[in-house]
Amino acid sequence: MKTLLLDDEQYCTDVLNLLIQKHCPSLQVVAIFNDPLLAIEYLKIYPVDLLFLDIEMPGLSGIVLVKRVRLEKP
């Protein structure tokens, strides 16, 4: 499964990535972001199967990000 990781704190995405590699080798982490706006731009071009994202981020919550990406899909 193509997977994207998003958290505004880099250590969180680093730890999550290590845990996925160790415990969920079937997941393919294709992108890691610490900026939700960059993640949105990526998701406009590259679809993923699974998102791990922080809900409470400065400027843009994870919930708003998912809604925005869904609305922009054809």
Side-chain angles (χ1 to χ4, degrees):
M1 291 181 102
K2 292 181 182 176
T3 305
L4 181 141
L5 311 180
L6 170 61
D7 195 300
D8 60 306
E9 298 180 47
Q10 183 177 348
Y11 77 90
C12 292
T13 53
D14 291 344
V15 170
L16 183 56
N17 189 35
L18 290 172
L19 289 170
I20 288 171
Q21 289 176 16
K22 182 176 181 178
H23 299 288
C24 303
S26 63
L27 297 182
Q28 176 189 9
V29 176
V30 294
I32 300 173
F33 291 97
N34 302 111
D35 180 334
L37 297 178
L38 293 176
I40 288 173
E41 292 304 312
Y42 179 90
L43 291 167
K44 287 179 182 177
I45 301 167
Y46 305 103
V48 297
D49 302 306
L50 181 64
L51 292 172
F52 282 92
L53 52 96
D54 188 0
I55 299 300
E56 294 292 326
M57 293 181 286
L60 185 66
S61 77
I63 301 298
V64 171
L65 179 140
V66 169
K67 288 178 181 178
R68 187 178 293 179
V69 170
R70 284 183 54 189
L71 288 174
E72 291 178 0
K73 294 286 181 187

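Source: prediction; values computed, not measured. Both backbone and side-chain heavy atoms feed into the values below; hydrogens, waters and symmetry mates do not. FYI, the numbering just counts along the sequence from 1.
Closest approach of Leu5 to Thr13, counting heavy atoms only: CD1-O, 3.9 Å. Taking all atoms of both residues into account, the shortest heavy-atom contact from Asp8 to Pro58 is OD2-CD, 3.3 Å. When every heavy atom of Pro36 is checked against every heavy atom of Leu65, the shortest pair comes out as O-CD1, 3.6 Å.
Transitive grouping of hydrophobic side chains (ILVMFWY, heavy atoms separated by less than 4.5 Å) brings Ile45 and Leu51 into a common cluster. Linking ILVMFWY residues whenever their side-chain heavy atoms come closer than 4.5 Å, directly or via other members, leaves Ile55 and Leu50 in distinct clusters.
Looking only at side-chain heavy atoms (C-beta outward), Leu16 and Asp7 stay at 4.5 Å or farther from each other. Taking the side chain as every heavy atom from C-beta outward, Leu4 and Tyr46 never approach each other to under 4.5 Å. By the 4.5 Å heavy-atom criterion applied to side chains, Tyr42 and Leu6 are not counted as neighbours. By the 4.5 Å heavy-atom criterion applied to side chains, Leu60 and Ile40 are counted as neighbours.
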Would you please test Met57 and Asn34 for side-chain contact (heavy atoms from CB on, under 4.5 Å) and show each step? CA-CA 10 Å; Met57 293 181 286; Asn34 302 111; over 6 Å; no

Should Leu27 and Phe52 be marked as a side-chain contact (heavy atoms from CB on, under 4.5 Å) after you check the CA-CA gap, both sets of side-chain angles, and the distance that decides it? CA-CA 12 Å; Leu27 297 182; Phe52 282 92; 4.2 Å; yes

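Going from atom CD1 of Ile63 over to atom CD of Glu56 covers 9.0 Å, rounded to the nearest 0.5 Å. The distance from the CZ atom of Arg68 to the CG atom of Leu43 is 12.0 Å, given to the nearest 0.5 Å.
Annotation for Leu19: hydrophobic cluster partners, listed by chain and number, are Val15 (ILVMFWY side-chain heavy atoms under 4.5 Å, direct or chained).
Put simply, the residue from Asp49, Val29, Val48 that forms a side chain to side chain contact (heavy atoms under 4.5 Å, CB included) with Met1 is Asp49.
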